[in-house]
Amino acid sequence: ATYSISALSDKYCTATSLPTNKATVTINAKPTAELTADETVVCEGEATIQLSADVTTGSTITWKKDGSAFTNSGTTKTLSSVSESGKYSIQASLNNCLSEVSEQTVTINPKPEILTLKSDVSAVCSGKTITLTATVSDDGSGDFTWTGDDDISGSGASVTISKNVTTDTEVTITLAYKNGCDAKETKSIKVTFYAIPEAPGVKDQAYCVDDTPSALEATAIPDATLNW
């Protein structure tokens, strides 16, 4: 709008005409700004988060993360690493007017890692028990999934396995872990259950008093050691 002002008199003089000046006053509308995220929580390496700023045309955008301004050219920003988690905000500036602040909080969770997978012994006889224990990179509150054999007992980071076998049997046990995000990779371990050997064959002996006895003979399965 245009406003006019005229001087009628001052302390000493009265105007015979009305000298006039004009001033134009412009009230600019505040720009608008909206920050959106295609996802707010993802796992690192599995997905990214894209932030999009929708502002009034011609506006300058101020981007901030956790209250600190950073440089970002354009109206989008792609996030992919754990360190980029936080609260993001934008504010638009146009004609010396500022928009309201628009915010989005996003989280990129790290993928846990199975650090170790160990057995208390690597091999036992049929019917005996082997204990398997894992350590992980977080607090271990996630889900442990043990696969590879139906004779696994227990849950969590430590389980046992016991098998009755008639032939030597090697078993591969695989562990998967998930705590919000799947572990970077699974781990596997091999354990062996040995069959109980058959009793050796022994020949009966008969001889008379004062005769020289023959040696007792026993026949064992191959690779077996006889204990008399």
Side-chain angles (χ1 to χ4, degrees), residues 39-49 80-85 106-228:
E39 299 284 349
T40 56
V41 180
V42 298
C43 295
E44 186 179 30
E46 293 183 5
T48 60
I49 295 176
S80 60
S81 67
V82 173
S83 63
E84 292 179 300
S85 298
V106 297
T107 302
I108 301 176
N109 289 315
K111 295 173 74 69
E113 184 178 357
I114 303 172
L115 300 177
T116 62
L117 176 56
K118 298 180 179 180
S119 60
D120 59 342
V121 290
S122 61
V124 294
C125 294
S126 175
K128 299 295 184 179
T129 299
I130 295 175
T131 299
L132 305 176
T133 304
T135 60
V136 292
S137 59
D138 59 18
D139 61 2
S141 61
D143 297 323
F144 293 81
T145 302
W146 301 85
T147 58
D149 195 272
D150 293 336
D151 292 319
I152 297 172
S153 299
S155 60
S158 184
V159 297
T160 59
I161 177 172
S162 179
K163 295 184 69 65
N164 293 308
V165 298
T166 56
T167 58
D168 294 349
T169 303
E170 183 180 74
V171 179
T172 300
I173 305 299
T174 299
L175 173 63
Y177 181 68
K178 181 174 184 177
N179 194 356
C181 302
D182 291 325
K184 294 179 180 180
E185 60 184 15
T186 61
K187 278 193 179 296
S188 297
I189 190 171
K190 292 182 178 181
V191 294
T192 302
F193 291 87
Y194 291 122
I196 303 298
E198 296 179 2
V202 180
K203 294 181 179 180
D204 294 332
Q205 295 283 356
Y207 54 91
C208 296
V209 174
D210 298 329
D211 286 350
T212 301
S214 299
L216 291 174
E217 295 181 0
T219 304
I221 61 173
D223 299 323
T225 299
L226 294 173
N227 292 319
W228 291 87

Practice task
Could you grab the distance from atom CD of Glu44 to atom NZ of Lys184, nearest 0.5 Å is fine?
Solution key: 7.0 Å
Handout entry: Where at least one partner belongs to residues 142-183, residue pairs that pass disulfide bond (SG atoms under 2.5 Å apart), sequence neighbours excluded
Key = Cys43-Cys181
Handout entry: Pair Thr174-Ser188, side-chain donor/acceptor within less than 3.5 Å
Key = yes
Exercise for the section: Please tell me if the side chains of Ile161 and Val171 come closer than 4.5 Å, counting only heavy atoms from C-beta onward. Expected result: yes
Handout entry: Ile130 CD1 to Phe193 CZ distance, which is reported to the nearest 0.5 Å
Key = 4.0 Å
Practice task
For the residue pair Ile189 and Leu132, establish whether any side-chain heavy-atom pair is separated by less than 4.5 Å.
Solution key: yes
Practice task
Mind listing the closest non-hydrogen atom pair of Gly127 and Ser162 along with its distance?
Solution key: O-OG, 3.2 Å
Handout entry: Spacing of Asn109 atom CG and Thr107 atom OG1 [to the nearest 0.5 Å]
Key = 6.0 Å
Practice task
Identify, with sequence neighbours excluded, every residue that meets ring-ring contact (aromatic ring centres under 6.0 Å, His included) alongside Tyr177.
Solution key: Phe144
Practice task
Determine, for Asp151 against Lys163, whether the closest basic-nitrogen to carboxylate-oxygen distance falls under 4.0 angstrom.
Solution key: yes
Handout entry: Side chain proximity check, Val42 to Thr48, heavy atoms < 4.5 angstrom
Key = no
Handout entry: Val106 to Glu39 - nearest heavy-atom pair and separation
Key = CG1-O, 4.0 Å
Fill in the blank from the handout: Value for CG (Asn164) from OG (Ser126), rounded to nearest 0.5 Å, stands at 4.5 Å
Practice task
Supply the atom-to-atom distance Ile108 CD1 to Ile49 CD1, rounded to the nearest 0.5 angstrom.
Solution key: 4.5 Å
Problem - Partner set under side chain to side chain donor-acceptor pair (under 3.5 Å) for Thr133, not counting sequence neighbours - result: Ser158
Handout entry: Within residues 120-153 or reaching into it, pairs that qualify as disulfide bond (SG atoms under 2.5 Å apart) - sequence neighbours excluded
Key = none
Practice task
Kindly determine whether Trp146 and Ile173 satisfy side chain to side chain contact (heavy atoms under 4.5 Å, CB included), including the steps that lead there.
Solution key: CA-CA 7 Å; Trp146 301 85; Ile173 305 299; 3.8 Å; yes
Handout entry: Closest heavy-atom pair and its distance - Pro112, Asp138
Key = CB-OD2, 3.7 Å
Practice task
Could I get the full list of side chain to side chain donor-acceptor pair (under 3.5 Å) partners for Asp139, not counting sequence neighbours?
Solution key: Ser141
Exercise for the section: Taking all heavy atoms of Ala195 and all of Asp168, pick out the closest pair and write down the distance. Expected result: N-OD1, 2.9 Å
Pair up each side-chain donor or acceptor in residues 113-123 with any protein partner under 3.5 Å, not counting sequence neighbours, and list the distances.
{"unit_1": "Thr116", "atom_1": "OG1", "unit_2": "Thr135", "atom_2": "OG1", "d": "2.5"}
{"unit_1": "Ser119", "atom_1": "OG", "unit_2": "Val121", "atom_2": "O", "d": "2.9"}
{"unit_1": "Asp120", "atom_1": "OD1", "unit_2": "Thr131", "atom_2": "N", "d": "2.9"}

Fill in the blank from the handout: Between Leu175 and Ala134, the two heavy atoms sitting closest are CD2-CB, 3.3 Å
Handout entry: Distance (rounded to the nearest 0.5 Å) between Asp143 CG and Lys178 NZ
Key = 8.0 Å
